[in-house]
Amino acid sequence: MRLTRHVLPSIRQPFSNSRNLITYTPHFHLQQPLLQMALSAFDTNFQTYNDILNECVNKRAFREGQRVHAHIIKTRYLPSVFLRTRLIVLYTKCDSLGDARHVFDEMHERNVVSWTAIISAYSQRGYASHALNLFLQMLRSGTEPNEFTFATVLTSCTSSTGFILGRQIHSLIIKSNYEDHVFVGSSLLDMYAKDGKIHEAQTVFECLPEKDVVSCTAIISGYAQLGLDEEALELFRRLQGEGMQSNYVTYTGVITALSGLAALDLGKQVHNHVLRSEIPSFVVLQNSLIDMYSKCGNLTYSRRIFDTMYERTVISWNAMLVGYSKHGEGREVLNLFTLMREGKKVKPDSVTMLAVLSGCSHGGLEDTGLNIFHDMTSGKIGVEPKMEHYGCVVDLLGRSGRVEEAFEFIKSMPFEPTAAIWGSLLGASRVHSNVDIGELVGQQLLEIEPGNAGNYVILSNLYASAGRWEDVRSLRDLMLKKAVAKEPGRSWIEIDQVLHNFHASDHSHPRREEICVKVKELSVSFKEVGYVPDLSCVLHDVDEEQKEKILLGHSEKLALSFGLIATAENVPIRVIKNLRICVDCHNFAKYISKVYDREVSLRDKNRFHRIVGGKCSCGDYW
DNA sequence: CTAGGGTTAG
């Protein structure tokens with residue numbers, strides 16, 4: 001019986017045909033290592049070592065495990081492949097990769113299990129390329145991977161070279177008939193999703209004969225991670241209808257999708273469901289909830305979750321800090337950062353510092369932000385500033401109007417400036433109407449990033465503000481010539497758990513007519529109290545009347561107007577835009593807030609704009 | 001004995 005148990009898994013049969021094992025004839029497959037294993041079952045030393053090592057593994061008892069290992073060496077006991085593999089697992093579980101590797105290197109022979117164990121050790125610790133190299137060595141050594149090996153090695157296929165190898169591994173999987181295995185399949189579809197190949201992921205998922213929580217979660221999260229939030233939500237609903245079981249990881253994926261959609265009511269519903277269904281409050285799930293509420297515009301709920309957590313990771317702090325930062329709550333960012341440093345339990349990392357610096361910038365605390373950056377460079381914080389942090393400094397200087405200084409700062413950086421850095425300075429030049437620097441930077445940027453439509457728009461706005469219409473025109477021609485594709489602007493609003501999408505050229509909304517009438521009506525009445533359409537936001541070469549028409553068709557105006565029609569008078573209008581909000585729409589929203597005495601919360605690509613009584617939390621800088 | 005899905009930033 002004992003023998004059979006050891007022998008069974010090593011027979012290379014597709015898992016789906018496990019019934020065929022009945023036809024198995026023992027003597028045919030009884031190879032050398034198995035014999036040894038069978039014999040060692042009668043070896044009392046083996047049994048003792050094995051029992052103790054298993055206990056050490058379960059208890060993650062590193063010291064005790066080391067003593068067992070030392071005993072094996074001292075007594076000159078020759079451990080089997082089996083026992084050596086236990087040692088690899090022990091050291092892996094105890095976070096001692098070097099020891100695990102040492103045991104592996106000393107092995108006189110290896111089997112698929114020992115290979116898989118060492119590959120798993122490297123992939124768990126994040127050493128993807130080491131894991132992949134070991135996998136290749138394994139193949140060269142003539143050891144055939146099994147379903148465990150495939151499921152493991154695919155998790156290390158995360159870089160661009162990894163993805164190429166991953167595709168090749170996929171064909172190996174097909175050849176060796178593991179395609180239908182649910183562990184292999186989840187790992188495989190996850191790899192495709194991480195490579196952005198969602199259709200391949202979907203195909204792998206659909207071909208799985210049996211789906212479980214993990215494979216379902218992998219495909220839902222795959223969609224969510226790629227920003228295909230609506231698809232993720234739709235799939236979640238469908239699979240739920242088909243009887244899928246969800247656990248906390250599934251909900252984490254769904255909540256990520258709802259964060260992207262800023263669907264507050266749906267998010268609350270899922271949160272309630274989680275609370276009711278006795279799913280343990282894992283940190284990861286709570287982190288995703290903090291982020292969800294903040295991205296839905298409700299920082300109070302985020303903070304409530306944050307405050308009640310019994311354990312916080314650096315991600316919990318970062319999610320909360322990023323929340324305050326995106327809402328322009330600079331003071332709160334600093335307060336929380338102080339709390340974090342005083343608590344000393346969790347160390348700030350580079351994301352923390354990104355949140356703190358951008359929080360100072362969004363919150364108008366430029367000098368504080370610059371001081372914190374100096375603390376970083378002098379080593380006071382313990383986080384080395386990287387390119388992104390330098391980018392924040394450009395933002396800080398630009399925001400406080402020190403455009404020339406920002407330019408000098410970029411030139412003095414220890415890095416080659418990226419397009420994002422130049423882009424930030426271009427934005428600053430536009431806000432402060434610094435045509436000289438803006439032009440210099442803009443032209444440079446158009447060469448680095450000729451396909452980024454946003455750069456043309458900002459530079460054009462800058463020229464327009466200086467009355468340089470000839471330059472505006474030639475810029476538009478250049479854009480046409482280079483066939484720059486602009487990501488279509490899209491805005492949406494959630495009303496009674498339903499998301500209403502608006503698109504500048506899309507007439508599909510059932511109440512479109514009514515909405516268009518409302519926008520025009522608003523425009524007319526706002527003009528009476530001072531609203532002047534900002535025609536420089538329109539790049540098309542048409543007459544002014546046409547330009548105004550185009551402006552009124554902007555998706556955020558449609559969503560805002562629909563919000564005004566379809567929501568109660570006392571609730572804030574919450575609109576989400578996929579790109580940066582345009583100056584004219586920002587102004588339009590201010591008039592809504594003033595004339596109708598309604599709070600407007602507008603989330604764009606970069607931050608929140610909380611507009612009350614005609615004033616915006618961004619201070620008109622974004 | 002060895003295995004799959006998850007949170008912040010850009």
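Per chain, numbering begins at 1; letters A, B, ... match sequence-line order. What you see is a predicted model, and the numbers here were worked out from it, not measured in a lab.
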Donor-acceptor contacts under 3.5 Å from residues 208-218 of chain A side chains, at least two apart:
residue  : atom : partner  : partner atom : Å
A:Lys211 : NZ   : A:Leu208 : O            : 3.0
A:Asp212 : OD1  : A:Val214 : N            : 3.3
A:Asp212 : OD1  : A:Ser215 : N            : 3.0
A:Asp212 : OD1  : A:Ser215 : OG           : 2.9
A:Ser215 : OG   : A:Asp212 : N            : 2.9
A:Ser215 : OG   : A:Asp212 : O            : 3.1
A:Thr217 : OG1  : A:Val213 : O            : 2.6
A:Thr217 : OG1  : A:Thr250 : OG1          : 2.9

>> Just to be sure I understand the rule, does A:Ser350 reach a base, reach only the sugar-phosphate, or reach nothing, if contact means heavy atoms closer than 4.0 Å?
In response: nothing
> Taking the side chain of A:Val284 as its heavy atoms from C-beta onward, which of B:dG5, B:dA3, B:dT7 lies nearest to it?
Replying inline: B:dT7
>> Mind checking if A:Asn54 touches a base, just sugar-phosphate, or nothing, with heavy atoms under 4.0 Å?
In response: nothing
> With a 4.0 Å cut-off on heavy atoms, is A:Thr352 in touch with a base, just the backbone sugar-phosphate, or nothing at all?
Replying inline: nothing
> Got a sec, which residues hit side-chain contact (heavy atoms from CB on, under 4.5 Å) with A:Thr300, two or more places apart in sequence or on another chain?
Replying inline: A:Asn298, A:Arg304
> Where the side chain of A:Ser221 is concerned, which of B:dG4, B:dT8, B:dG6 is the nearest nucleotide?
Replying inline: B:dG6
> Contact class for A:Lys386 vs. all strands (heavy atom < 4.0 Å): base, sugar-phosphate, or nothing?
Replying inline: nothing
>> Heavy atoms from C-beta onward define the side chain here; which of B:dG10, B:dT2, B:dG4 lies closest to that of A:Leu354?
In response: B:dG10
> In terms of side-chain heavy atoms of A:Val182, which of B:dG4, B:dA3, B:dT8 is nearest?
Replying inline: B:dG4
> What's the closest nucleotide to the A:Gln225 side chain, out of B:dG6, B:dA9, B:dA3?
Replying inline: B:dG6
> For the residue pair A:Tyr77 and A:Tyr49, does the interplanar ring angle fall in the parallel (under 30°), tilted (30 to 60°) or perpendicular (over 60°) class?
Replying inline: tilted
>> Categorize A:Lys194 for me: base, sugar-phosphate, or nothing, with a 4.0 angstrom heavy-atom threshold over every strand shown.
In response: sugar-phosphate
>> From C-beta outward on A:Lys326, which listed nucleotide comes closest to its side chain: B:dA3, B:dG4, B:dG10?
In response: B:dG10
>> Looking only at the side chain of A:Val113 (C-beta and beyond, no hydrogens), which of the listed nucleotides B:dT7, B:dA9, B:dT2 gets closest?
In response: B:dT2
> NA contact type, A:Asp349, heavy-atom cut-off 4.0 Å: base, sugar-phosphate, or nothing?
Replying inline: nothing
> Among the nucleotides B:dG4, B:dC1, B:dA9, which one has an atom lying closest to any side-chain atom of A:Val214?
Replying inline: B:dG4
> Roughly how far, to the nearest 0.5 Å, is the CE atom of A:Met320 from the CG atom of A:Asp307?
Replying inline: 8.0 Å
> Is a donor-acceptor contact shorter than 3.5 angstrom present between the side chain of A:Thr217 and the base of B:dG5?
Replying inline: yes
> Which nucleotide in the list B:dT8, B:dG5, B:dG6 gets nearest to the side chain of A:Ala319?
Replying inline: B:dT8
> NA contact type, A:Tyr248, heavy-atom cut-off 4.0 Å: base, sugar-phosphate, or nothing?
Replying inline: base
